[in-house]
Amino acid sequence: MKKGILLLKNELRIFFKNKIVLASIFLIILVTIAGINSIENSNEMSLHGLMKSSVTVAFGSAKYGSMIGAFVLSFLTIFTLNKDKRKKSEEIINSCTNSTTLISVRLISIIILAVIVSFVSMLLVFFTQKLIIGIEPNFSVYLYTFSLMMLWTSAISVLLSAGLYLIIDSFDISFLISIIIFFTSISSSNYLLKWVTPSATVFSDFGGFSPSGKFIVYSKLLWTVISISIFIIGILFKRKCSEGLLKSFRLNTKTSLNKLTVLVLIICLTGSIVLYTKEPYISNSSLLADNNLINNEEFALYEINPEISFDTVKSSLTATVNYKFSSTGKEDSINFIKNDGLKVLKIKVNGYDTPFKDENDMLKVPVPKDKDISIQICYEGNIKNLSAGSFAGYIDKESIYLLENSYWLIAPVTTPNDFIYSYGKITAPADLCVVPPGKLENVTKSGDTKTWQYSIKTNSIELGVFAGKYKKEVLNAGDVNVEFYYSPKHEKYINDTNMQNYICDIVSFYEESFGSYYTTEYPLKIVETSIYKTGGHSSANVVTVSEYMFNRNEVCNIDNYENPYTLDTFMHDIEIIAHEISHQWWGTGVNAASECPWSNEGLANYSAYKYLCKDFPEEIVFGFTVSSWQWYVNKIEKGYYFNHQDELNNLKSDLKYGLEMEMKKAALYYKMPLCLIEGEKKLGEENFLNVLYNIYTNYTNKNISFNEFLNTANLSKEDIGLE
Amino acid sequence: MRIEINNLNKSYKNVKALEDINLEFETPSIVGLIGPNGAGKTTLMRILVGQLLFECGSITVDKKDILKDINNFKKKLGYLPQDYELYNELNVEEFIDYMACLKGIHTNRKSIVNECIEKTNITNKRKAKIKSLSGGQKQRVGIAQALLNDPEILIVDEPTAGLDPEERIKFRNIFSQQANKKIVILSTHIIDDVESICNKIIVLNKGKVIYAGNPTKLIKEAVNHVGIIEIPFEDKIDESKFKIISAKLTENGYQYRVVAENIPDNFEKVSPSLEDAYIYSMQKKDKSVKIKVKS
């Protein structure tokens with residue numbers, strides 16, 4: 001032990017005398033500091049101009065630090081281990097000490113160097129934020145971010161490259177392989193491979209770190225075990241007595257210490273395989289992404305009553321949900337889709353326990369051929385997502401975000417009744433404010449938890465639940481009662497930009513243009529959600545808006561803007577808010593039964609465009625919306641596969657799916673509003689808006705087909721630019 | 001310390017580098033390991049310091065198998081290989097101190113380092129960067145590191161190669177001063193060095209030990225096998241019959257010093273030097289010998 005410490009001190013001493021080491025330290029620190037503004041200066045609209053805070057500054061710096069740290073320390077590790085071979089001092093050094101001990105000591109020295117560099121970089125960024133940027137930093141955010149991202153990545157890089165070098169015994173080849181692994185990690189979309197950079201773009205300012213942090217931790221954990229395995233393999237294959245790979249392996253495994261090492265290797269390799277195959281957060285379900293499920297028309301759901309309890313510490317939920325169906329009596333089972341992170345505990349059909357078949361994401365419940373069927377499903381578990389970058393749902397101490405397409409509410413694949421009634425109870429920690437769909441009936445407190453009771457009459461089962469440490473503000477937008485839930489952290493920006501006025505203005509504009517809000521029973525709820533789900537969403541009477549739209553660095557004065565980028569960013573934010581709110585008219589109020597390109601999305605984009613034209617400089621709005629839609633549509637329509645769609649079948653399924661989605665998106669989101677603008681030109685703005693007003697009034701709570709729209713507007717497909 | 005080498009064999013692919021080597025070394029002794037290039041000197045030394053494996057045979061150190069006890073053996077070992085470089089970014093003192101740490105010296109490290117620096121006469125260069133040292137000075141640093149742990153066995157591979165005569169003499173003195181409680185094994189091409197300080201010599205040729213023992217005995221074996229003859233310019237010596245040791249220019253021709261199994265009568269027989277004896281031994285038929293090397 002004493003010798004080990006002596007060796008370590010000795011290595012560190014000469015380590016810091018090496019010019020290459022000093023240059024590496026300087027480079028890592030420099031690049032880490034250069035990352036200070038990387039988040040705010042991003043090209044992504046969600047990140048561009050995001051308010052500087054400890055979260056953005058530390059995240060950006062640590063992200064840069066992790067990249068440069070992994071790269072440079074990998075080089076330094078191989079460079080150090082190769083030193084004696086390169087300098088021809090191997091024989092002298094090996095005659096003095098055990099080479100495995102020396103390798104271990106040298107690696108520990110590099111890891112200590114990584115700790116020092118990470119800590120120094122962190123302090124420099126910390127004080128830059130405090131003294132130069134002028135924002136009070138949060139040390140715990142820094143400590144979490146830098147240790148999770150920069151330090152951990154560096155340590156993995158050291159072990160990985162050491163292992164590779166010991167196996168390959170060549171500076172060039174082992175460094176080349178390290179570089180390949182490094183770039184594979186950076187460019188991969190699979191979060192399990194992303195040990196260098198995180199799968200998240202940034203941590204949420206108010207929604208908690210762990211929804212995204214857990215992916216970072218898991219991938220790092222996996223790669224820690226992998227890198228330890230590779231290092232141990234390296235130790236076992238370390239060249240001995242000038243012998244080759246296999247002979248060295250045989251020699252190395254002869255010692256009793258290395259027999260123990262083989263045991264550790266087996267444990268680590270098994271651990272890697274288990275960690276990879278038993279990955280707990282990503283859904284394997286194909287059904288969650290399937291928008292074309294065919295409902296069983298023999299059953300109609302007319303009531304759904306959930307009782308949900310959230311355990312935010314375990315990120316789990318426990319639920320008992322009662323469903324009521326009317327049946328034609330022809331079929332004897334109902335299929336349900338569920339999130340594959342949920343486990344069904346018990347099912348009762350018409351009050352009796354029933355055996356069931358739980359197939360991961362599909363649940364098949366046998367039912368009697370009665371006219372009325374009631375089903376109770378008890379389940380618990382976590383919510384899995386389709387990818388680490390796309391959150392349909394999460395449960396965290398700081399916030400809860402459960403969109404309907406996360407299938408947190410196990411959903412029957414049946415025809416919805418004209419209306420579905422839902423009475424539910426949601427229990428969550430008392431420090432959270434839960435925003436349920438519909439009308440909040442009651443809130444009761446019991447110990448550390450509160451229960452929110454809601455009721456809703458809706459035309460679909462699309463129910464989401466959102467919670468956070470919100471401030472609630474009630475706004476009156478004409479006749480519509482708007483409840484605005486936002487993080488107190490972003491109150492200043494919301495007030496400075498008069499966001500409440502914009503929301504009221506948007507709602508009033510739609511009421512004026514298309515008709516009254518579809519219900520007077522429930523308020524329109526606008527809820528700030530975390531940045532883990534970018535953009536916004538609308539379902540039932542709830543509109544969610546991602547936090548970045550309420551958390552920008554600069555407040556834009558649209559009458560006297562100095563920075564055109566600030567105006568662009570602000571307009572982008574308002575456009576999304578207007579788009580999502582318009583879904584309350586086009587989507588929830590009236591449903592444009594999707595017949596590509598006829599869609600709620602097209603109507604929402606058109607509505608948001610009309611709103612923007614009212615408040616923003618028209619030529620800028622035109623460039624921002626119509627021109628960019630036109631550009632995108634042209635790009636797609638000039639594409640080879642758009643004009644040779646029969647050849648799509650020759651492509652690989654994922655490529656074909658990607659191209660089809662791109663074409664569909666172009667049609668629904670961009671082509672359709674362009675068609676509506678053509679219709680407007682044909683009829684004149686006032687007449688066209690009157691048509692939409694009449695459609696909305698006559699079709700409230702109903703579906704409207706494309707033909708019905710064209711007939712009501714007295715337009716042909718040619719009139720609106722469709723062949 | 002007692003080292004026994006029994007029936008040691010080592011091959012590189014199909015080439016036998018060492019064949020049936022049987023040797024014994026015992027403290028105190030200075031052993032000169034001589035032989036032509038490729039004789040197996042470096043291979044033998046690298047095997048002794050545990051940096052090469054051997055196919056068959058055994059090496060024991062105080063009756064313990066060297067392969068099983070290599071880490072313990074390293075504690076008693078001082079080694080200077082033939083072809084090496086030191087850490088150029090360090091100065092002499094830092095490097096010696098670094099090596100002292102590697103050898104696990106923690107008590108009195110500083111004084112031990114100083115002592116070794118003094119022993120090897122590099123005190124005036126202690127703060128000089130290694131990259132700024134001459135070849136001889138670097139060799140001294142190499143020796144200094146080898147002496148750090150006061151080794152019971154010191155193995156040095158061609159330590160005087162490339163040094164000027166004055167440096168060589170200084171080195172020889174360093175080794176002889178160390179030898180009273182050690183085994184010093186010195187590999188060299190320079191017979192003068194061996195003659196000056198070694199009490200035992202081992203002659204290796206083509207992987208075999210052809211002589212092992214006292215230098216005087218080797219010289220005795222060459223008595224009556226060394227001769228001198230002067231040959232005019234117009235005549236030539238029959239090189240197939242003699243091994244020419246030297247050819248000195250005289251007024252009438254060349255004076256040749258030769259070694260041969262049979263020296264003709266017209267040659268003047270002279271007392272052999274160690275170099276003559278070494279060359280004579282190389283002429284003799286290959287043979288493997290077992291030898292005990294002790295004082």
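By convention in this document, chain letters (A, B, ...) are assigned in the order of the sequence lines, proteins followed by strands, and residues within each chain are numbered from 1.
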Chemist: About how many Å separate SG of B:C101 and NZ of A:K9, when rounded to the nearest 0.5 Å?
Modeler: 8.5 Å

Chemist: Apply the test side chain to side chain contact (heavy atoms under 4.5 Å, CB included) to residues A:E243 and B:L52: give CA-CA distance (whole Å), side-chain angles for both, the deciding distance (0.1 Å), then the verdict.
Modeler: CA-CA 8 Å; A:E243 295 295 339; B:L52 268 185; 5.5 Å; no

Chemist: Heavy-atom pairs under 4.5 Å with chain A - which of B:L80, B:L86, B:D97 has more of them than the others?
Modeler: B:D97

Chemist: Taking only Lys NZ, Arg NE, NH1 and NH2, and the carboxylate oxygens of Asp or Glu, determine whether A:K19 and B:E89 approach each other closer than 4.0 Å.
Modeler: no

Chemist: What distance do B:Y12 atom OH and A:S242 atom OG have between them, rounded to the nearest 0.5 Å?
Modeler: 7.5 Å

Chemist: How long is the straight-line distance from SG of A:C96 back to CD of B:Q145, given to the nearest 0.5 Å?
Modeler: 5.5 Å

Chemist: CG/B:L102 to CG/A:N94 distance, rounded to the nearest 0.5 angstrom?
Modeler: 10.0 Å

Chemist: What part of B:D83 gets closer than 4.5 Å to chain A, counting heavy atoms only: side chain, backbone, both or neither?
Modeler: both

Chemist: Chain A contacts: which residues in residues 110-118 of chain B have a non-hydrogen atom closer than 4.5 Å to it?
Modeler: none

Chemist: Just checking, A:K83 and B:Y87: is the charged tip under 6.0 Å from the six-membered ring centre and within 45° of the axis?
Modeler: yes

Chemist: What part of B:I105 gets closer than 4.5 Å to chain A, counting heavy atoms only: side chain, backbone, both or neither?
Modeler: backbone

Chemist: Determine, for B:E94 against A:K17, whether the closest basic-nitrogen to carboxylate-oxygen distance falls under 4.0 angstrom.
Modeler: yes

